[in-house]
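These notes are about the structure you will find just below.
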Number of protein chains: 2
Amino acid sequence: MAHKLDIDALLARLPLFRNLDAAQLALMARASQQVRVAKHQFVFHRGDPANGLYVVAVGGIKLAIPSPSGQEKVIEFFAPGQAFGEAVMFLDKPYMVQAQALEDTLLIWIDKQDIYAAIDHDPSFAKRMLAGLSLRLHALVQDIETINLQNASQRVISFLLKQPREGDQVHFPFNKNVIASKLGLTPETLSRLLHQLSAKNLIRVDGRDVQILDPEALEAQLYGS
Amino acid sequence: MAHKLDIDALLARLPLFRNLDAAQLALMARASQQVRVAKHQFVFHRGDPANGLYVVAVGGIKLAIPSPSGQEKVIEFFAPGQAFGEAVMFLDKPYMVQAQALEDTLLIWIDKQDIYAAIDHDPSFAKRMLAGLSLRLHALVQDIETINLQNASQRVISFLLKQPREGDQVHFPFNKNVIASKLGLTPETLSRLLHQLSAKNLIRVDGRDVQILDPEALEAQLYGS
DNA sequence: CGCTAAGTTGAAAGAAGTCAATGAAAGTGG
DNA sequence: CCACTTTCATTGACTTCTTTCAACTTAGCG
């Protein structure tokens with residue numbers, strides 16, 4: 001029963017549930033289940049039915065489109081506090097993407113019926129949900145923009161500039177294969193481009209750590225060339 | 001005042017509002033405004049604030065990302081009955097896309113506050129809204145899949161096969177420049193690829209009318225080569 | 001009828017991908 | 001703690017696909 005308490009506390013901290021009253025929250029907690037996924041393990045595959053949504057409690061998840069040729073296109077990453085799988089749940093369609101743990105991860109799973117109940121009970125929950133989906137839509141449109149309107153080098157630069165920075169330091173959250181896929185590049189191309197940027201003294205790369213030497217010059221590359 | 005009556009009838013027929021009761025519908029109608037847009041005219045530009053959503057009553061709208069170099073990337077088309085602009089409304093962010101009329105178009109505009117009121121009043125409205133957003137998200141993920149995992153020829157083929165068919169006839173809803181942009185291609189490339197498919201006797205092109213001669217062989221190209 | 005927008009075609013350049021070999025790092029088990 | 005294996009990353013040579021630029025044709029519209 002210690003488990004249940006954990007879930008309660010976790011849920012209460014999630015942005016999605018912030019406005020639920022105690023009773024509603026308790027209901028959610030009772031309906032939800034913990035799911036543990038080891039690194040590299042799949043949460044679901046393309047084609048699986050979607051009966052609920054997941055919230056990341058601890059760890060990290062990547063959503064990707066599998067391709068017949070074995071490679072995959074990474075769509076999005078999810079960190080603790082973020083929900084995924086809702087969109088497909090509302091459509092009664094099977095997943096078109098696969099979810100895989102990037103590290104050992106603890107997920108909360110909530111059944112569709114309970115989500116619907118919460119929507120009926122609390123309009124502000126519905127709004128929160130709408131805002132969540134809108135945010136994702138926004139991000140996807142941005143991705144399409146990046147893929148279509150920017151060349152490989154500009155995509156890498158935008159990505160670098162979008163990453164959270166500590167001083168001038170950026171740290172890749174995942175290995176470069178995954179980053180490359182997110183950017184719609186091959187690992188080889190990413191490697192070459194990072195090398196080029198280093199050669200121009202715009203950045204300095206050390207494994208997953210990147211030092212942004214000249215942010216202005218980098219930004220300029222997005223328009224200039 | 002004949003205008004108001006028009007709107008009432010129009011709104012009642014929209015999928016989005018199907019579950020609203022008469023009072024709520026009347027409220028919506030009162031709050032909504034008709035917007036007329038001539039062909040090629042813009043409904044909004046990137047950067048404009050979003051204070052409500054639009055529903056297409058008559059005509060057609062394209063959403064596109066503008067690019068500094070003048071070209072644009074078409075994101076989506078909207079036909080009568082479809083709503084657009086909601087996602088950004090929920091986020092309190094300015095539009096990141098621009099909306100332009102593909103033909104003379106009549107739009108209904110509804111203020112954000114009234115949408116919120118409808119959500120508060122009717123959970124099923126919220127669910128409908130959620131389903132709408134989910135559908136768009138789904139479509140965008142599919143677009144990303146198409147762009148990333150398929151080459152130009154496969155993209156054209158998928159597009160052809162996805163279009164509504166009457167017998168073996170497909171009709172492009174817009175000019176080929178717009179289609180090309182939606183597929184992430186240059187008009188030249190699209191032209192060449194259609195020509196190639198014709199040469200292989202898989203299709204026959206006559207202006208905006210395309211005859212699908214061999215759907216199976218077309219489909220096979222998506223995997224084989 | 002004439003003008004502008006849309007579509008086609010060719011030749012050439014360029015960007016990114018593929019294949020293959022090598023090197024570095026990191027995890028595993030004795 | 002070290003040797004070993006496996007995964008990750010880099011680099012070079014080459015190929016391929018798509019774009020670009022330019023000329024030309026066709027279609028649609030005032």
Side-chain angles (χ1 to χ4, degrees), chain A residues 38-40 62 67-74 100 102-104 146-157 159 171-199 203-210 221-222 224-225, chain B residues 38-41 62 67 69-74 100-104 146-157 159 171-199 203-210 221-222 225:
Chain A
K39 182 170 181 172
H40 295 147
K62 78 162 187 237
S67 106
S69 44
Q71 78 224 36
E72 56 170 34
K73 159 68 187 176
V74 172
Q100 193 177 12
L102 288 161
E103 40 194 304
D104 291 354
T146 300
I147 294 170
N148 271 287
L149 264 25
Q150 299 189 158
N151 65 29
S153 162
Q154 293 172 321
R155 295 209 290 269
V156 172
I157 294 172
F159 178 81
H171 180 82
F172 288 155
F174 321 107
N175 74 41
K176 291 184 187 159
N177 288 350
V178 176
I179 309 269
S181 171
K182 175 88 217 293
L183 294 176
L185 302 173
T186 57
E188 290 96 326
T189 302
L190 175 60
S191 176
R192 280 187 254 268
L193 291 172
L194 288 174
H195 184 83
Q196 277 179 33
L197 293 174
S198 298
I203 63 172
R204 194 172 304 285
V205 183
D206 175 27
R208 288 191 184 176
D209 296 309
V210 180
Q221 303 253 329
L222 292 180
S225 170
Chain B
K39 183 171 179 172
H40 294 148
Q41 207 188 324
K62 77 161 189 239
S67 105
S69 44
Q71 77 221 40
E72 55 170 33
K73 160 65 186 177
V74 173
Q100 192 177 12
L102 288 160
E103 39 194 304
D104 290 354
T146 300
I147 295 170
N148 270 286
L149 263 24
Q150 299 187 158
N151 65 28
S153 162
Q154 295 172 320
R155 295 208 288 267
V156 173
I157 294 173
F159 179 80
H171 181 80
F172 287 156
F174 320 107
N175 74 42
K176 291 183 189 161
N177 288 350
V178 176
I179 309 269
S181 171
K182 175 86 216 293
L183 294 176
L185 301 173
T186 57
E188 291 96 325
T189 303
L190 175 59
S191 175
R192 282 187 251 269
L193 291 172
L194 288 174
H195 184 82
Q196 278 179 31
L197 293 174
S198 297
I203 63 174
R204 194 173 305 286
V205 184
D206 174 27
R208 287 192 186 177
D209 294 311
V210 181
Q221 302 253 328
L222 293 180
S225 171

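Reminder, nothing fancy here: chain letters follow the sequence lines and each chain counts from 1.
- Remark: C1' of D:dT18 and CD1 of A:I147 are 17 Å apart, rounded to the nearest angstrom.
- The distance from atom CG of B:N148 to atom P of C:dG17 is 10 Å, rounded to the nearest whole Å.
- Taking 4.0 angstrom as the limit, B:N175 places a side-chain polar atom (N or O) nearer than this to OP1 or OP2 of C:dG7.
- Phosphate proximity of C:dA16 to A:T189: absent, as no side-chain N or O sits under 4.0 Å from OP1 or OP2.
- Atom pair B:H40:NE2 and D:dG28:C1' shows a separation of 12 Å (rounding to whole Å applied).
- Shortest non-hydrogen contact noted between B:T189 and B:L185 is CG2-CD2, 4.3 Å.
- Distance, A:R208 CZ to D:dT7 C1': 12 Å, rounded to whole Å.
- With rounding to whole Å, A:Q221 atom CD is found 13 Å from C:dA15 atom P.
- For D:dT7, the OP1/OP2 oxygens have no side-chain nitrogen or oxygen of A:N177 closer than 4.0 Å.
- Between the C1' atom of C:dA6 and the CG atom of B:L102 lies a distance of 15 Å, rounded to the nearest Å.
- Phosphate proximity of D:dT11 to A:H195: present, with a side-chain N or O under 4.0 Å from OP1 or OP2.
- Looking at heavy atoms from C-beta onward, A:L197 lies in side-chain contact with A:I157 at the 4.5 angstrom threshold.
- Which of C:dT8, C:dG17, D:dT18 sits closest to the side chain of B:K176 comes down to C:dT8.
- Residue contacts for B:L185: at a heavy-atom cut-off of 4.0 Å it reaches the sugar-phosphate backbone alone, with no base atom in range.
- Side-chain atoms of B:A152 lie closest to D:dT18 of the nucleotides D:dT18, C:dT9, C:dT18.
- Applying the 3.5 Å distance criterion, the base of D:dG12 shares a donor-acceptor pair with the side chain of A:R192.
- Counting only heavy atoms from C-beta on, B:S191 has its side chain closest to C:dT8 among D:dT10, D:dT19, C:dT8.
- Residue order along DNA chain D, read from the 5' end via each residue's closest nucleotide, puts B:E188 first among B:E188 and B:K39.
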Test side-chain contact (heavy atoms from CB on, under 4.5 Å) on B:V178 and B:Q100 and set out the steps.
CA-CA 12 Å; B:V178 176; B:Q100 192 177 12; over 6 Å; no
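- A straight line from CG of B:D206 to C1' of D:dT26 spans 12 Å, rounded to a whole angstrom.
- Side-chain N or O atoms of B:S67 include none that pairs as donor or acceptor with a backbone N or O of B:K73 at under 3.5 Å.
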Walk me through whether B:K182 and B:I179 qualify under side-chain contact (heavy atoms from CB on, under 4.5 Å).
CA-CA 5 Å; B:K182 175 86 216 293; B:I179 309 269; 5.6 Å; no
